[in-house]
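Excluded from the calculations below are hydrogen atoms, water molecules and symmetry mates; all remaining heavy atoms, backbone and side chain alike, are included. One-based numbering along the sequence shown.
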Amino acid sequence: MATDRLSVIFAALADPTRRAILARLAEGDATVNELAEPFSISLPAISRHLKVLEQAGLITRSRSAQWRSSSLNPEPLREATAWMDRYRQFWDANFDRLDAHLRRMRQAQATTPTDDESKQ
């Protein structure tokens, strides 16, 4: 099992239920029952998802009387975004070069006479 921080973050983000939980927490703190509401899975299953998110540092959990609420912790998402951003910059540059190359090809094609035009 991966132990470096980014691997743990990405493993937690790999599950669509956990991503949906994070999206809900982006709107504000919520209890386990509130987080479980839109899903057709058990409360223990939601609790296991929350445990994964907490271990990855993506959420924090607090207890007040019998209520246990969860909060989004944006820092690990910033780390993952920063790591991905380097690759986005790489791909953006490559796509820009590809776009420029395709424009040159279209221009060259537009200025080259077709077989029908060269026979006239």
Residue list, side chain to side chain donor-acceptor pair (under 3.5 Å) with [X], at least two apart or on another chain:
X     : value
Arg78 : Glu75
Ser71 : Asp29
Asn33 : none
Ser42 : none

Do any N or O atoms from the side chain of Arg63 and from the backbone of Arg68 form a donor-acceptor pair under 3.5 angstrom? no
Can you pull out every ring pair (Phe, Tyr, Trp, His ring centres under 6.0 Å) where at least one residue sits in residues 6-29? Sequence neighbours excluded, please. Phe10-Trp83
Quick one: ring pair (Phe, Tyr, Trp, His ring centres under 6.0 Å) pairs with a partner in residues 17-56, sequence neighbours left out?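 Qualifying pairs, neighbours excluded: none.
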side-chain contact (heavy atoms from CB on, under 4.5 Å) with [X]: which residues, sequence neighbours excluded?
X     : result
Val32 : Leu43, Ile46, Ser47, Leu50, Arg61
Gln55 : Lys51
Ala30 : Arg24, Leu25, Glu34, Leu35

Considering residues at least two apart in sequence or located in another chain, which fulfil the salt bridge (charged side-chain N to carboxylate O under 4.0 Å, His left out) criterion with Arg103?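 Arg103: salt bridge (charged side-chain N to carboxylate O under 4.0 Å, His left out) contacts with Asp99.
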Please list, chain by chain and in numerical order, all residues satisfying salt bridge (charged side-chain N to carboxylate O under 4.0 Å, His left out) with Arg5, sequence neighbours excluded.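 With sequence neighbours excluded, Arg5 shows a salt bridge (charged side-chain N to carboxylate O under 4.0 Å, His left out) to Glu79, given in chain and number order.
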Return each pair, listed once, that meets salt bridge (charged side-chain N to carboxylate O under 4.0 Å, His left out) where at least one residue sits in residues 85-96; pairs must be two or more places apart or across chains.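 Pairs touching residues 85-96 that pass the test: Asp85-Arg88, Arg88-Asp92.
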